[in-house]
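What follows is a short report on a single structure.
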Amino acid sequence: MFRVLIETRDTEFVTTQICAIFCLIGIFHEFPAHNTQEVMRVKFRDLFLYSPERDEGVFILDEPSYPPTDYDPQMNEGGPELTGSYKKDKAAFDREMEKDLNGDLKIREFTTRVAGRDVKCAAYFFDGLVDKSGVNDFILRPLMLGSRATEIRSYSDIMNVLLVQSEVKETNTIGTLAFDINFGSVILLIEGYGKAISVDAKGWEHRGIESPEVEKVIRGPNDAFSEQIRESTALIRHLVRNKSLISREFSVGTISQTPVSLMYIKNVAGEQLVREVERRIKSIEVDYLFSSAELEQYLEESSLITLPQFMATERPDRAARALLLGRVVVLVDGSPFAIVMPTTVFELNESAEDHYLRTPYVNMIRGIRFMAFLCSLLLPGIYVAVVNFHGEILPTDMLISIVAARDKVPFPTIVEIIIMELSLEIIREAGARVPTPSGTTLSIVGALILGQAAVSAGIVSPILIIIVSIAAIGSFATPNYYLGISARILRFIYIFLGAVGGFLGITAGAFVNAVLWTCTYSVGVPMFVPVAPITKGGVPKTLVYPRIWKQDYRDDYVNPRRRRKQQSARGWKKDEN
Amino acid sequence: MRRKLLAALLAASVLLSGCNMSTEVNDKAYVIAVGVDKGSNGLLKVTFMFAYPSGGGDEAGGEKVDEKDIVTVEAPSIYSGMRLLDTFKSKRIDTNHTKLVAFSQELAEDRGVFSQLTDLVNTRGFRPSIYVCVTQESPSKLFNSMEPKQDVFIEKFIEHLFSKVAYNATSRAYLYNNYFSAVVEDGSYIMPLVGVTDKEKVKEAAEDYPYKKPDDFALNYTADEVPLHGDGSAALCGYGVFVDNKMVGTLGMMEGTIVKILEKNKNVGQFCVLYPDRDSYANVNLQLTNAPIVTVKTGDAPEIDIRIQLWGEFTGIGRTFRNSEDYESFVGYMSSAFERKTEELLERTRAEFGADILGFGDKAKANFLRYREWKDYNWKEKYKDARFSVHVEIDMNDYGELRFSQRK
Amino acid sequence: MNGGKKIGPASTAILFLNLAMAKYLMVLPHFMVSEVGNSAWIVIFLKGLAAIGLFLLIAALYKPYVGMGLGELTRRALTSPLGGALNFIIVCVMLVRGGMLFRILTEALQTLETDTVTIEYVGLFVLIPVLICALKGFNANVNASILILPFTVLSVVIISVALAPHYEVGNLMPIFGEGEGKILETAFLRFGGTFELMYLMTLSRSMGDYKTFKRGGLIGVGAISLFSFIFTLIYCLSVPYPVSKNFFFPLYQLTRMIKAGSFLQRMEPTVIFVWTGVIICGLSTLVIAAAELLKNTSGTKGGGGFVPLLVMIIFLVGVLPRSELDTYGIYKVVVNISHYFYIGVILAVLLTARLRKVERGLAYEA
């Protein structure tokens, strides 16, 4: 049928080709969300037969389902139980901990005195993970000397009288012992006791609380999360100071057992949100997890979209604010960045300082930032489109100077701009790797290549350097690092589209981009939420940052339990009158 | 997956063919102005003025390159002229940056320019907001005489010559205005007239200056005798009058000023007012206070009533009104002169040209409810019996006096 | 939280605008001017009022069935084979109209782009986004058009402000143009907005309830009436009558008249952004609605599978006419006939459903 249709018009090559594309995409392409196969199986008579059972609502993308795995998570849990015999248990535990292979495993054997007789003891710990003086003073000294000075009547007195640590517990499975010892506990095996005692003595060397590296502010607190999950949670708790702040603990990674903390405020965060995040964290089945950046990728919905779907912050105040606004914060041990979820594009475009600035300043800065992002995304593409297709848009004087500058350049604009963009990316990448002493050399060389030399060699035209630099600077002005990278990637696509289709191509690309981005969800919340889809009163709030005493409500798209944030925040104004 | 890849490849190959369709900016030659003249054997002599890319990106600067490149070809139309030009211009001809289309007076008088106007409006290359004009000389001479002294680029010169920057700005210079009038008013319209100044002509005119024509604010020059002391430079010197799409006459400087007032241009400009006794003069800056009120009564003979309100002040200290009599006589003198000049112009359009070139038809239409009735009325014929009444009110102030502090 | 299956009144209005914008902004002013002369703006105004009245009437009839979708309702009201056949015919009319619209708008885009680009090539840039958008589904389409709408509004505002020096009240005279009889006939005997209304009803299962449907529809009808009224008024004010009949793309001609000073030498290319966006939005809504109807008709699980097929058919229908003028002719005929068809179908289905007391299925409660 289509063949006939085509031939009625003077068949052109392009027409046939385009038809072929649609045919290929349409008929053979299997979209996961839509059952193409099923549609193809519809027979003509089916069109006239109705069966409501087969009808399942408006088509919306289904959640992708993953195939079941044959993964064995039982790697650290449980294990054999202690037998009660000191010798056997010690041998078993030695074997479990690979005593001969692990150099940093320390075993101190001694005797203590229980109920008037000496019993054998062994203390296991990893050198470096424990606080040595603490072990000496508060574990070994009481057991060896204290037991002889005080009368220890029974084994339970060891825990009740001798060990003065805050965290002491009895265990009788070897697996749990192994887990504890890896977290900086000292394991005590005592002859005749039957169980082992695990005493918390964490004390490894780590970085202290320092000022933030990425999110620097001028007005505002200057402390940042550290790699210690406990310190990080403490920093947040210190800011929130409320009993309803919940910090749920999970360990992710079958081998690494990385502690992950899910924080939310019980009376503020939406129940559904917390449950969803919890579900996602719990269902991660991996061997190891080191940082929140990895966790982010396990939690996000669309991994191929360039848009980042969570916000990472290294500032406790920002995390605390997010919590109080009904978000959920996830911390990972070993990573100084907290993940805030859900987030929106407009929040990604906020900097840490926005809340500390007065309203007029914020609005101006946000406008600039938005412009910078658009420049970094579209400017090179638009330049290519203008130069290749829409020369008439430029003022004649400017056009003539562009022509004069370009006349000496042998390449077409697209090649020219790709050369420049690529060399810029290379320099940027090198700049991230280069050791500090060589940094100056790099910047000199880069400036020379990108600036003077390329122009005088006649490879690029000067106006192009302006365009490329504005775009590059624009991506630095974007507060979110991932969003900046996203703009860098998409820029190349827009350059290509501008070269093949002018403004038409750019618009088509922008439309597809808009479709894909608005279809991206952050834990179920659309990324463009107050605007697309529209929520009540969301648009003006997004366009213009309201005065702080007018921000009475939390965003409704996170479904907070407590909608109102403040009430008559400026009561003094009323009193005056 | 393989099919996905195939579709993507095919799409990319089609898309890449788009690169073929684009043209780099520096592969085009930009036409700044087009001139159309009468050629031999019924052809047109089409003149193109190109912009040279120079100076722009050059750091060295150096000597000034001639920025113009003027080529003339004979062809049946502007477009075929461009096609011909393509054979010996190395770059593709681009008319998107055209600023001016100039028709020679000879062509306008002989064949008219309507078909060219239609061509220009309906094609992509030219746009309706370019300027059009009639030249007294041949277009190539006009283009050669365009010597930008105040402007760096030639296109800025053209822009400024017609645009609002200058006092003689007029919407009649736009292509679409002329085209609209040509269609709507049955081919009666006026188009700016551009000439090239000439030393000889200046000499002749200067012999009579300024006492030849009293009471006319020293502006009463017909289009071909503007006394400019230039040596061959392009100058705006009035309007060409088109009736039935053919040029039949010209309007001079004073008439042009009245056209401007009727067009609601606020700044009327500087006037040198010669006194009746002819031994002294005063400089007056005139402005429109309100838009002129034009009422048209459509009867058997249309009655056109025009009320113009002007406000003026002396341009410098030194001339003041001694008393109210002085004021009355001065103002009365000026307004009567304006009234007379306006009436003369209107009478001329009726009697000499016999066409509504100033577009009173727009006002007359409002008296009708349906388009058909308006067509049946036959404004074009009726205009030949039109009666005019003109009232000009002028308020004068001393230099520096507030506008509303009326003396009385 | 859950991806927002239902949309609110604002989004419903935008969906309506989405469909209407492409047609009303690009094609309608010229159509109206060629029918009734320089009084097109009066016609559009009256048409707007008539459309609001019509909408209220149909909304009242449709009240019990909001959330059911037209395709579904047709089947229930007119029994399966008949309703199915009707749905099939509706889809065919939609596709023909969509194809013609596609051709006309693409032709306009090509005029804006460059002389050298072929129509098929331009079509590719329109249809591939349409394909992706329609496959991504209903919400994606609404969201994308929300992002585009401000730019459309902005462009109309900019054009109307920039054209202010060209406004000439004389161009509106004589006030009744080709006669008041013709004005009334065009305004009230041709049912404007039925095409869009039909889509709205087709997609109504994505809207919350009757209140959403009614409020959104009213805002949509009102906004598009206002828009096209303003735009047609601008067109009539700045271009005198016999000339305005000759201009095919009002938006294009109007932007050509703008003189932006020395900032932009020409304004036309900037219109491409808005124009393309509006066209893509409109066409993808059309495709989604057609797929939804087909889905209702065939009872398949998702309508997405139909999308590529529909897009291809639109393309093929679009390239069928030999020239742009042919397309205009066909489109004019289709438009002049199809609105009777639409209003007939809508009223027939609703009235039958009411008479037969068709009830909403359990699946659509709440």
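No experiment lies behind these values; they were computed from the predicted model shown. Lettering of chains follows the sequences in order, A, B, ..., and the numbering in each one begins at 1.
Note on B/Ile130, B/Asn367, B/Val121: by heavy-atom pairs under 4.5 Å with chain C, the leading option is B/Val121.
In C/Lys245, the NZ atom is not crowded: 12 or fewer heavy atoms of neighbouring residues, nucleotides or ligands sit closer than 6.0 Å.
By the side-chain hydrogen bond (donor to acceptor under 3.5 Å, both in side chains) test, B/Ser129 is found to be paired with B/Arg127, residues two or more places apart in sequence or in another chain being considered. Not counting sequence neighbours, C/Tyr252 has no partner by the ring-ring contact (aromatic ring centres under 6.0 Å, His included) test.
Between C/Val239 and B/Phe180 there is a side-chain heavy-atom pair separated by less than 4.5 Å. Residues B/Arg370 and C/Pro174 fail the side-chain proximity criterion, which asks for heavy atoms closer than 4.5 Å. The side-chain heavy atoms of C/Pro242 and B/Tyr371, taken from C-beta on, include a pair separated by under 4.5 Å.
Of the atoms belonging to B/Asn177, not a single heavy atom falls under 4.5 Å from chain C. Looking at B/Phe126, only its backbone comes within 4.5 Å of chain C, counting heavy atoms on both sides. Contacts of B/Thr118 with chain C are absent, with no heavy-atom separation under 4.5 Å from either backbone or side chain. With a 4.5 Å cut-off on non-hydrogen atoms, B/Lys375 does not touch chain C at all.
To the nearest 0.5 Å, atom CZ of residue C/Arg256 and atom OH of residue B/Tyr176 are 12.5 Å apart. Going from atom CG of B/Asn122 over to atom CD of C/Gln253 covers 7.0 Å, rounded to the nearest 0.5 Å.
Closest of all the heavy-atom pairs between C/Glu168 and B/Asp362 is CG-OD2, 3.5 Å.
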